[in-house]
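Report on the structure given below.
First listed ligand is number 1; within each ligand, the first listed atom is number 1. We number each residue from 1, following the sequence as shown.
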Amino acid sequence: MAKLTFQIFTISILLFLIAFPATGEEEHMFGKSINRKSMTLKKEKLSHFRFFWHDVLSGSKPTSMMVIPPPKNTSSFGQMNMIDNALTLGPKLSSKIVGRAQGFYASASQNDVGLMMVMNFAFIEGKYNGSTFTILGRNLVFEKVREMAIIGGSGLFRFARGYVQASTHSWDFKTGDATVQYDAYVLHY
Ligand SMILES: *[C@@H]1O[C@H](CO)[C@@H](O)[C@H](O)[C@H]1NC(C)=O
Ligand SMILES: *[C@@H]1O[C@H](CO)[C@@H](O)[C@H](O)[C@H]1NC(C)=O
């Protein structure tokens, strides 16, 4: 009896598979696997970049502005700044600009000075002109070195992944202006 039940079960499954083939071609028309070679991807490489990030809050042309004030005046938690900060080759703001850090950071830690950083690094120099990569990470600003993820990119940084290490070069506690050294390690094609 058990054997017959099993046979009926098996046959039912077979009939089901014939009636409803698993390919479901029409359902998946919007996505299909393609050959990597058709993308003419080169060999994946690892690049290191070093530049300085300038958070300018003061003066007549700030590039970092508070867009959401902290809801409580007892801590900065909840504050958000929008940025269009210069990325320069040297620590001086007057040195060569290679790109801009565009995005925002928000105070996301109640017990530390900890920021959530969301930035596109948009390059304007040489072969990287027009290419971007995206940084998302946790920034405990009083730590010597903060590590954040590179989660993707465009142009020469398509399929990018990696990390940055940020360390404060200078900070003016009166104005809040800061210069931070960024070392980026990026895997890309
Ligand atoms: C902080 O906020 C409280 C309540 O809104 C207010 O009474 C106090 O004056 C504020 N303190 C400062 C330093 O702004
Ligand atoms: C970068 O690209 C833009 C737009 O294509 C162009 O106007 C600009 O001159 C380029 N800059 C450099 C340094 O090549």
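A salt bridge does not link R138 to E143: none of the charged side-chain nitrogens sits closer than 4.0 Å to a carboxylate oxygen.
Distance screen at 4.0 Å: atom 2 (O) of ligand 2 has a protein heavy-atom neighbour inside the cut-off. Within a 4.0 Å radius of atom 10 (C) of ligand 2, the protein contributes at least one heavy atom. Protein non-hydrogen atoms do not reach within 4.0 Å of atom 5 (O) of ligand 2.
Using a 3.5 Å distance cut-off with no hydrogens or angles, the side chains of T63 and H54 do not pair a donor with an acceptor.
Atoms of ligand 2 lying under 4.0 Å from at least one heavy atom of I124, given by number and element, are 11 (N), 12 (C), 13 (C).
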For this session: Could you check S167 against Y182 for side chain to side chain donor-acceptor pair (under 3.5 Å), going step by step and ending with a plain yes or no?
Result: CA-CA 7 Å; S167 50; Y182 270 76; over 6 Å; no
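Applying the ring pair (Phe, Tyr, Trp, His ring centres under 6.0 Å) test between F49 and each of Y163, F121, Y128 identifies Y128 as the sole match.
Of all protein heavy atoms, the one lying nearest to atom 8 (C) of ligand 2 is N129 ND2, 3.7 Å.
The aromatic rings of H48 and Y185 lie parallel to each other, their planes meeting at an angle below 30°, with 60° marking the opposite boundary.
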